[in-house]
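The block underneath contains the structure these notes are about, expressed in structure tokens.
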Amino acid sequence: MMNKYYLNYLDELESEAIYILREVHAQFQNPVILFSGGKDSILVTHLAKKAFYPANIPFALMHVDTGHNFPETIQFRDDLIENLGARLIVGSVQESIDQGRVQEEKGKNATRNALQITTLLDAIESNKVDCAIGGGRRDEEKARAKERFFSHRDDFGQWDPKNQRPELWNLLNGKHFEGEHFRAFPISNWTEMDVWNYIKRENIEIPSLYFAHEREVVLRNGSWIPNSEYLQLEDHEEILTKKIRFRTLGDITITGGIESDADTLEKIALEVSAMRQTERGNRTDDKRSETAMEDRKREGYF
């Protein structure tokens, strides 16, 4: 009797993601990986290494730099690019502001998150990118749950959730007219728990921000917001030192931490397994309205 061959669920997810990355390479002329320095974009980059090994990753990495990043994230990005020998494309939100392309928000809740849209679309157009590969997952947020693996964007960079192409039997259609482009999401079917289990299995290096560490923070809207030069304190707010970690990384002005003692991958996986709130629950930009994420995505957000 022939021996039966089994794949565990992480192998199946890995295989699916690698298939999508190879389809991107086959169907598009100039794809890039959207790299934020967060765990999901790091995971996609790791999968791209596997997909094309022993060759180098055939995609450039594109980072939209808001100017309000965690310093640890930028250092991690630069170290990874050097180790990979990859090409880095940086779109600067500050340059978009200086050029009058966007107007900076004011007030204590000001964020540059929405301003990234214009910078990203400008970078895609100027670099003639026809597919931008992202680390979005369907379990993160309801707007992201509507995404296909290949997400069509019109010639204005906009997303119409009602006008996406069917993907029956994993047939991916990347045909597009000049000026249009696609976003591809190879880890759409992964959950946060899958990501951490895979990172642990593959021993993937991630920024220290994901591990519990002591940091100056301010409690705002139920989240521990890191103290930084960009934070405008209210009279009643107090800077405290807490042992926290971050479940997701964005701008330092909007990324809320959680109190935690999880300082190893094993402890993080155990902690996540007991969570009942999505990892984006501590992102203040998603709390602005019920449809905040979908509104940004329709305009061209990641």
Side-chain angles (χ1 to χ4, degrees), residues 9-28 30-53 55-65 73 76-81 83-91 116 120 123-124 127 129-141 144-145 147-151 153 167 170 172 174 181-207 209-210 247-250 265 279-280 297 301-302:
Y9 78 101
L10 288 178
D11 292 327
E12 291 179 0
L13 290 171
E14 178 190 74
S15 178
E16 179 183 65
I18 286 175
Y19 165 73
I20 294 164
L21 287 164
R22 289 173 176 168
E23 280 293 303
V24 169
H25 183 53
Q27 295 193 39
F28 297 97
N30 188 31
V32 298
I33 294 175
L34 295 175
F35 189 82
S36 66
K39 67 182 186 308
D40 297 320
S41 61
I42 294 169
L43 173 59
V44 170
T45 304
H46 177 83
L47 290 165
K49 283 175 58 180
K50 279 198 156 188
F52 301 102
Y53 182 83
N56 292 330
I57 297 175
F59 315 126
L61 273 61
M62 178 181 285
H63 179 225
V64 178
D65 183 1
T73 303
F76 185 92
R77 179 201 71 183
D78 293 343
D79 291 344
L80 181 64
I81 291 295
N83 291 335
L84 290 174
R87 184 166 67 96
L88 176 65
I89 300 170
V90 178
Q116 297 179 80
L120 172 62
I124 287 174
N127 289 278
V129 172
D130 53 0
C131 183
I133 307 164
R137 306 190 327 269
R138 294 189 178 112
D139 78 318
E140 288 182 279
E141 207 272 344
R144 291 189 170 178
E147 286 282 20
R148 307 290 172 87
F149 289 126
F150 277 15
S151 178
R153 305 298 169 104
E167 292 178 344
N170 281 341
L172 306 177
H181 72 277
F182 273 78
R183 309 287 169 87
F185 299 102
I187 62 170
S188 287
N189 287 336
W190 297 53
T191 66
E192 183 186 10
M193 194 69 203
D194 297 333
V195 171
W196 283 115
N197 283 334
Y198 188 81
I199 288 173
K200 183 158 64 80
R201 188 185 82 170
E202 300 285 303
N203 195 28
I204 301 172
E205 186 177 358
I206 55 174
L209 297 164
Y210 284 110
R247 293 177 68 191
T248 179
L249 298 185
L265 290 175
E279 64 201 273
R280 293 189 67 92
K297 285 177 67 65
Y301 189 71
F302 299 139

### Message
Tell me whether Arg138 forms a cation-pi arrangement with Phe149, defined as NZ or CZ under 6.0 Å from the six-membered ring centre and within 45 degrees of its axis.
### Response
yes

#### Entry: Test side chain to side chain contact (heavy atoms under 4.5 Å, CB included) applied to Gln27 - qualifying residues, sequence neighbours left out
Glu23, Phe150, Leu172

Would you find a donor on one side and an acceptor on the other, under 3.5 Å apart, between the side chain of [X] and the backbone of [Y]?
| X | Y | result |
| --- | --- | --- |
| Tyr19 | Asn170 | yes |
| Asp130 | Asn30 | yes |
| Arg153 | Arg183 | no |
| Ser41 | Gly38 | yes |

### Task
List the steps and the verdict of side-chain contact (heavy atoms from CB on, under 4.5 Å) for Lys39 and Trp196.
CA-CA 9 Å; Lys39 67 182 186 308; Trp196 283 115; 3.6 Å; yes

### Query
For Arg201, which residues count as a salt bridge (charged side-chain N to carboxylate O under 4.0 Å, His left out) partner, sequence neighbours excluded?
Asp11, Glu14

Grab the two heavy atoms, one from [X] and one from [Y], that are nearest each other, plus how far apart they are.
| X | Y | answer |
| --- | --- | --- |
| Gly136 | Phe185 | N-CD2, 3.7 Å |
| Val44 | Gly134 | CG2-O, 4.0 Å |
| Arg137 | Ile187 | CG-O, 3.4 Å |

### Task
I would like to know whether Asp194 and Asp139 meet side-chain contact (heavy atoms from CB on, under 4.5 Å); could you show each step before the answer?
CA-CA 11 Å; Asp194 297 333; Asp139 78 318; over 6 Å; no

### Query
Ion pair present between Glu192 and Arg247, side-chain N to carboxylate O less than 4.0 angstrom?
yes

### Task
Check whether any side-chain heavy atom of Asp40 lies under 4.5 Å from a side-chain heavy atom of Trp190, and answer yes or no.
no

### Task
Might you work through the side-chain contact (heavy atoms from CB on, under 4.5 Å) test for Phe76 and Leu209, ending with a clear yes or no?
CA-CA 11 Å; Phe76 185 92; Leu209 297 164; over 6 Å; no

